[in-house]
Structures are given as structure tokens and as C-alpha cells.
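Naming convention: chains lettered A, B, ... in sequence-line order (proteins, then strands); numbering from 1 in each chain. Note: hydrogens, waters and symmetry copies are ignored here, and every other heavy atom, side chains too, is used.
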2 protein chains.
Amino acid sequence: MEDDSNISELLAARGIRLTRQREKILAILLQQRDHPTASEVYERAKQKMPSISLATVYNSLEALARNGLLKQVNVDRAPTRFCANLEDHSHFFCERCGAIYDVEAAAAQLGNLPPGFVVFHADVALKGLCSTCSDLNV
Amino acid sequence: MEDDSNISELLAARGIRLTRQREKILAILLQQRDHPTASEVYERAKQKMPSISLATVYNSLEALARNGLLKQVNVDRAPTRFCANLEDHSHFFCERCGAIYDVEAAAAQLGNLPPGFVVFHADVALKGLCSTCSDLNV
DNA sequence: CTAGGTGCAAAAGGTTTGCGGTTAA
DNA sequence: TTAACCGCAAACCTTTTGCACCTAG
């Protein structure tokens with residue numbers, strides 16, 4: 001890992017430790033940016049760290065997300081997926097193959113809100129077909 | 001209920017029955033438009049129909065949603081909420097009190113998508129403070 | 001040294017399902 | 001009449017938690 005010191009400082013500033021498990025989990029998310037679920041992260045982590053537990057994967061993902069090193073991505077009721085892309089972006093959900101893609105951030109044009117309502121974020125979730133699946137559609 | 005015949009036909013066309021339970025559940029959603037969870041619908045339904053089961057509430061909500069009479073609303077990992085407003089609209093989630101409001105549909109201005117990607121829907125979820133909660137903020 | 005983390009197993013919480021009896025159409 | 005549905009209880013799946021041991025800082 002290239003910038004552990006960076007991560008370490010980031011976490012230390014919040015009284016949170018950089019453990020081997022968290023390091024590995026973060027590396028997995030950085031390496032293969034396919035928005036894996038906790039179970040998928042667990043399966044990948046076990047290959048190099050067979051003693052890691054699923055509970056630790058859940059706890060670590062939560063800790064990393066809470067400290068801004070990961071983002072959680074939820075689609076309907078499906079298992080939460082994780083994303084190491086910290087830049088402003090939107091998610092595209094392919095309705096055929098279920099894959100999630102990071103795409104250029106979409107802006108929301110708000111309609112009229114009732115008086116007194118204050119918007120902090122507007123999350124845009126795109127649903128459709130990815131290039132592979134729209135090809136199959138012909 | 002005023003237009004059961006309408007609903008009945010809608011469902012019949014899909015080989016789905018309009019039962020007393022489904023009728024009641026739909027009436028609950030139409031009457032109090034606060035986006036209740038399945039459990040909340042169950043509690044309300046039990047008052048007039050004490051023998052109804054939670055499983056039936058879940059199954060009925062699912063059947064009604066699958067047939068376009070209800071919409072499901074998911075926020076993060078919280079229990080699914082249900083919405084009888086079939087018109088085009090967006091949802092506003094109050095981060096303080098947790099309430100969900102229907103608001104005027106927000107439009108999404110898509111960024112550039114990779115070639116071959118086709119967007120069917122762009123769901124915009126607004127998060128912030130509702131008028132009651134932003135007042136408390138002063 | 002010690003607060004915070006790990007692994008394990010058990011529990012929680014929402015949702016779905018199998019089954020025998022019931023009912024809308 | 002009969003396929004679809006109901007109520008009940010058990011199962012399912014993801015996620016969280018309690019606890020004894022361990023380790024990063």
C-alpha cells in the first residue's frame with residue numbers, strides 16, 4: 001500500500017487504529033472497484049488472511065465508512081455495497097446484470113420545496129442498462 | 001372505498017385478487033400518507049382487522065407494489081416504506097426526525113456516461129431538514 | 001500498558017416461505 | 001369450483017453484539 005501513513009494519520013486523528021485487517025480491506029476496495037458486498041470483501045480477504053472473520057469485515061467497513069475512507073452504496077433492499085471512490089460521483093445500476101458503475105456526478109434540478117425545507121444533499125441514482133447489457137438487447 | 005371497481009379491474013387484469021386485506025392495506029396507505037413501514041401498516045390494519053397477519057401485510061404490499069398500486073421507498077438500510085402517491089415525485093428525507101415527504105419531482109442533469117450506457121430512470125433522493133426541524137435549529 | 005480491535009458464536013431485525021385451511025371470482 | 005390467498009410458524013439473510021483474548025500506539 002502506497003500511502004498507509006496518510007490513512008494511518010487520518011484514522012489516528014479520530015482515535016481509530018489502522019489494523020492489518022482494515023488495511024487489507026481497504027486495499028481490496030481500492031484494487032478492485034466493483035462495489036463488493038461485505039461478504040464479497042470477506043471472501044477476497046480470506047484468501048490472504050484466512051483467519052479474518054465476517055464480523056470484523058463488517059465492523060471494519062463500518063469504521064472505514066464512518067471515517068470517510070469508504071462510501072456505502074445501497075440499492076433497494078440488496079446488501080450494502082462499498083466504494084473506495086471518494087470523489088464526487090453518481091452510481092449507475094444496471095438492471096440486467098446488477099453491476100454498479102461509478103459515473104460522472106449528475107446534478108439535481110430541484111423542484112419547489114415547501115417553505116422551510118433545507119436540502120443538504122441530492123443523491124442521484126441512475127438505473128438502466130450498461131454497455132454490455134444494452135448490446136445484448138439488440 | 002370509492003373506486004374499488006377500478007382497483008379490482010386493474011388487479012384482475014393480472015390474475016390478482018382484491019381481497020379484504022389488500023383493500024384495507026391500500027386504504028391505509030391512501031388515507032395517511034406518511035410512508036409507513038410494513039410493521040406500521042400492520043399495526044394500523046390490526047385495529048380494524050385484528051386477525052390480519054404481518055406476513056399477509058408483507059405479501060400484500062409486495063403484490064400491490066408489483067402491480068403498480070404502491071411504490072416502495074428505501075432509505076439506506078432502514079425498513080422499506082410504502083407510498084400510495086403514483087404521480088411523478090421525489091422524496092425528501094429529514095435527517096433529524098426521519099420523516100419522508102413527497103416533493104415536486106426533481107430533474108437530474110446527467111453527466112457524461114460511458115458509451116453504450118442507457119438510462120431508464122434517474123431517482124433523486126433529497127436529504128436535509130424539514131420545516132419543523134429547521135425551525136428547531138435556530 | 002491499555003483502549004480499541006479481533007474472532008467466534010449467538011442474537012437481532014426485516015422479510016420470505018411452506019403448509020393446511022379459506023375465499024374471491 | 002378452484003387457483004389464489006390467508007394466518008401461522010419457521011426459515012432466511014444481512015448485520016450487530018457480547019465476550020474473552022489480542023495488539024497497535
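- Comparing A/Asn74 and B/Tyr42 against DNA chain D, the residue whose closest nucleotide sits nearer the 5' end is B/Tyr42.
- For the pair B/Asn59 CG and C/dC19 P, the interatomic distance rounds to 15 Å; values are reported in whole Å.
- Counting to the nearest Å, the C1' atom of C/dT16 and the CG atom of B/Leu61 are 13 Å from each other.
- In this structure, B/Asp102 does not pair ionically with B/Lys71, as no charged nitrogen and carboxylate oxygen lie closer than 4.0 Å.
- Between the CD atom of A/Glu62 and the P atom of D/dT15 there is a distance of 12 Å, rounded to whole Å.
- Of the candidates C/dT17, C/dG14, D/dC6, C/dG14 carries the atom nearest the B/Tyr58 side chain, counting heavy atoms from C-beta on.
- Look at CG on A/Asn67: it is 13 Å from P on C/dG4, rounded to the nearest Å.
- Aromatic ring orientation, A/His89 versus A/His91: perpendicular (interplanar angle above 60°, classes split at 30° and 60°).
- You'll find that the side chain of B/Arg77 is closest to D/dT14, out of D/dT14, C/dG14, C/dT6.
- Using a 4.0 Å heavy-atom cutoff across all strands shown, A/Ser51 reaches sugar-phosphate atoms only and no base atom.
- Regarding A/Lys46, its NZ atom lies at a distance of 13 Å from the C1' atom of C/dG7, rounded to whole Å.
- Each of B/Arg17 and B/Thr80 was matched to the nucleotide of DNA chain C holding its nearest heavy atom; the match closer to the 5' end belongs to B/Thr80.
- Residue B/Arg20 contributes atom CZ, which lies 12 Å from atom C1' of D/dG7 at whole-angstrom precision.
- Of the listed nucleotides (C/dA25, D/dC8, D/dT15), D/dT15 has the atom at the smallest distance from the side chain of A/Ala38.
- Using a 4.0 Å heavy-atom distance criterion, A/Thr19 is classed as a sugar-phosphate-only contact.
- Contact of the B/Tyr58 side chain with the B/Thr80 side chain is not registered, since no non-hydrogen atoms from C-beta on lie closer than 4.5 Å.
- A/Leu10 pairs in a side chain to side chain contact (heavy atoms under 4.5 Å, CB included) with only one of the listed residues (A/Asn67, A/Leu69, A/Leu18), which is A/Leu69.
- Here A/Gln21 lies in heavy-atom contact (under 4.0 Å) with sugar-phosphate atoms only.
- In this structure, the nucleotide among C/dA25, D/dG25, D/dC8 sitting nearest to the side chain of A/Leu18 is D/dG25.
- Each of C/dT15, D/dC5, C/dG7 was ranked by its minimum atom distance to the side chain of B/Ile16; first place goes to D/dC5.
- Taking every heavy atom of both residues into account, A/Val73 and A/Cys83 meet most closely at CG2-CB, 3.9 Å.
- Distance CG (A/Asp76) to P (C/dG14): 18 Å, rounded to an integer number of Å.
- Taking atom CD1 of residue B/Ile52 and atom C1' of nucleotide C/dT23, one finds them 15 Å apart after rounding to whole Å.
- Proximity note for B/Pro79 (side chain, C-beta onward) versus D/dT15, C/dG14, C/dC8: the nearest is C/dG14.
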